[in-house]
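Worksheet: one structure, shown below.
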Number of protein chains: 2
Amino acid sequence: MEAPRWLDEREERAWRGYRRMRRLLDLELARELAQDAGLSEPDYDVLSDLSETPDQRLRLSELADRMLWSRSRLSHHLTRMQQRGLVTREECASDGRGSVVALTPAGRQAIEAAAPGHVAAVRRHLIDLLTPEEVEALGALTHRVVDHLTAPIGPAGDPPRRVAPTSAGPEV
Amino acid sequence: MEAPRWLDEREERAWRGYRRMRRLLDLELARELAQDAGLSEPDYDVLSDLSETPDQRLRLSELADRMLWSRSRLSHHLTRMQQRGLVTREECASDGRGSVVALTPAGRQAIEAAAPGHVAAVRRHLIDLLTPEEVEALGALTHRVVDHLTAPIGPAGDPPRRVAPTSAGPEV
DNA sequence: ACCCAGTTGTTGACATGTCACTGAAACCGC
DNA sequence: GCGGTTTCAGTGACATGTCAACAACTGGGT
């Protein structure tokens, strides 16, 4: 590790582009979401994950693992969302420690109202700007990186590291 | 805009992969950076941008624009970095309002110590996992999205929007 | 010369996220 | 059943980011 291999021009361009896109896309999507639906991106993600679940409810740590959030962060955020009436906490029947997060009718209404506009924004600012080949490539490439980062042990000489904030399985 | 065009399977895969990668890559890079160099990613970005500049110094708003940060955020962050001795503020000769941010020797030393490891981490967790074609595609695709988001007026029926936190030019 | 709209950077209040810690409950070998 | 360990969720202190308001200053029109 003595002679650092710097990024060549092409790699530099990809890396800078990625970070710039990341920032701008985030700003814009968050802006539209807040304006059109009164939700933040974290709000949206919580509601979205909950609404995709059969019973509209999930164990707190299950939800945290799916979102790659720490339990603490989720707990704080749920407290705020609960105060706005978007979700509720219920006791968990099978585990006395646990709590179950459930979508309220208002929460369901909020996500259903927000989703079409949000998807449209994702299309407008990202997906529809790409060729089908690029969409395919982006899917392949991101999943490879995700697999690498969630592999139980570094695949090739990496220091073995777990990266998820809590004890998430190698969920993809 | 009545019938929402949802994402098809391939698009969904790309979008989810992107967000997951984003999160995991961030966590891992931030973790290594903090551990190996005692810097946060924002710290690194500030130092990096400053060190790339001819005179190791930049007007505050110039720096904010390059980083796509609000002046407020940068000002707060500089206060913290200043207390750690990484940067200093100087008065601007040509503009009585302005201030110039400059790298201190300690700041220069910090970025020089951090850079090789950080670049190695970017390689290990992203760049070296991609084929040359994918690197090329990622560069092309991200720059297209960035251009779209920074275009002065929405290129195709978009509501005209500026997305940068302050008055950034369409800098790439 | 002077006014004044706009820009620059800072600040304080607040929203959000992280970290270390805690009590309660589950798990597990005995 | 019992004691030690682990996991679950919540909490408070703190770090970071956002937003609106502000004072100092610039620069252009008159």
Side-chain angles (χ1 to χ4, degrees), chain A residues 22-23 26-28 30-31 33-35 38-46 57-84 87-102 162-169, chain B residues 23 26-28 30-31 33-35 38-46 57-84 87-102 163-169:
Chain A
R22 207 176 166 303
R23 174 88 180 133
D26 244 33
L27 283 170
E28 178 61 16
R31 204 183 59 71
L33 201 50
Q35 186 165 63
L39 297 175
S40 68
E41 281 191 303
D43 293 339
Y44 184 92
D45 291 340
V46 169
R57 72 197 65 232
L58 279 173
R59 280 290 293 273
L60 189 145
S61 39
E62 170 62 21
L63 182 54
D65 287 350
R66 288 193 195 195
M67 304 183 70
L68 301 174
W69 282 18
S70 69
R71 301 190 196 324
S72 168
R73 175 181 181 183
L74 183 55
S75 183
H76 279 304
H77 202 87
L78 288 176
T79 302
R80 296 188 289 260
M81 292 182 72
Q82 199 171 11
Q83 282 164 359
R84 294 194 284 148
V87 297
T88 51
R89 278 186 236 238
E90 304 170 353
E91 292 183 0
C92 179
S94 62
D95 186 335
R97 298 164 297 185
S99 71
V100 174
V101 192
R162 296 219 112 281
V163 83
T166 61
S167 58
Chain B
R23 175 84 180 136
D26 244 33
L27 283 170
E28 178 61 16
R31 203 183 59 72
L33 202 50
Q35 186 164 63
L39 297 175
S40 69
E41 280 190 305
D43 293 339
Y44 185 93
D45 291 341
V46 169
R57 72 198 64 233
L58 279 172
R59 281 292 292 273
L60 189 144
S61 39
E62 170 62 21
L63 183 54
D65 287 351
R66 289 193 195 195
M67 304 183 69
L68 301 174
W69 283 17
S70 69
R71 300 187 199 313
S72 168
R73 174 180 181 184
L74 183 55
S75 183
H76 280 301
H77 202 86
L78 289 177
T79 302
R80 296 188 289 260
M81 293 182 73
Q82 198 170 11
Q83 283 164 356
R84 295 195 284 149
V87 298
T88 51
R89 280 184 236 239
E90 304 169 352
E91 292 184 359
C92 179
S94 62
D95 187 335
R97 299 162 296 185
S99 70
V100 174
V101 192
V163 83
T166 60
S167 59

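First the proteins, then the strands, lettered A, B, ... as listed; each starts at 1.
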Notebook entry, point to check: Taking atom types as modelled, is there a side-chain donor on A:Arg80 or A:His77 under 3.5 Å from an acceptor on the other?
Noted result: yes
Check: Quick one: which of D:dG17, C:dT10, D:dG12 gets closest to the side chain of A:Ser72?
Finding: D:dG12
Margin query: Could you tell me how far apart A:Asp65 (CG) and D:dC8 (C1') are, to the nearest whole angstrom?
Written below: 11 Å
Next item on the list: Return no unless some side-chain N or O of A:Arg97 is found under 4.0 Å from OP1 or OP2 of D:dC8.
Entry: no
Check: What's the CD-P distance between A:Gln83 and D:dG10, to the nearest Å?
Finding: 13 Å
Margin query: The side chain of B:Arg23 is closest to which nucleotide in this list: C:dG9, C:dT18, D:dT18?
Written below: C:dT18
Check: A:Arg57 pairs by side-chain contact (heavy atoms from CB on, under 4.5 Å) with which of A:Val100, A:Val101, A:Leu63?
Finding: A:Val100
Item checked: Contact under 4.0 Å: B:Arg59 side-chain N or O vs C:dG9 OP1/OP2 -> yes
Margin query: Closest approach to the side chain of A:Asp95, judged atom by atom: which nucleotide of C:dA25, D:dA9, C:dG9 is it?
Written below: C:dA25
Notebook entry, point to check: To the nearest angstrom, how far is A:Trp69 atom CH2 from D:dC8 atom P?
Noted result: 18 Å
Item checked: Base D:dT16 to side chain B:His76, donor-acceptor N/O within 3.5 Å cut-off -> no
Notebook entry, point to check: Between D:dT16 atom P and B:Leu74 atom CG, what is the distance in whole Å?
Noted result: 14 Å
Next item on the list: Write down the distance between CZ (A:Arg71) and P (C:dA24), rounded to a whole number of angstrom.
Entry: 19 Å
Notebook entry, point to check: Which listed nucleotide (C:dG9, D:dG10, C:dT18) is nearest to the side chain of B:Ser61?
Noted result: C:dG9
Next item on the list: For residues B:Thr79 and B:Arg89, determine if any side-chain heavy atom of one lies less than 4.5 Å from a side-chain heavy atom of the other.
Entry: yes
Note to self: Using heavy-atom distances to pick each residue's nearest nucleotide on DNA chain C, tell me which of A:Ser40 and B:Leu60 is more 5'.
What the structure shows: B:Leu60
Check: Just how far, in rounded Å, is C1' of C:dT16 from CZ of A:Arg84?
Finding: 12 Å
Notebook entry, point to check: Taking atom C1' of C:dT10 as reference, at what distance in whole Å does atom CZ of B:Arg89 sit?
Noted result: 8 Å
Next item on the list: Please state how far atom CE in B:Met67 lies from atom C1' in D:dT16, giving the value in whole angstrom units.
Entry: 14 Å
Notebook entry, point to check: Within the structure, does a side-chain N or O atom of A:Arg80 lie under 4.0 Å from either OP1 or OP2 of C:dT16?
Noted result: yes
Next item on the list: Kindly indicate whether the side chain of B:Leu78, heavy atoms from C-beta on, has any atom under 4.5 Å from the side chain of B:Val46.
Entry: yes
Check: Does any non-hydrogen side-chain atom of A:His76 lie less than 4.5 Å from one of A:Arg73?
Finding: no
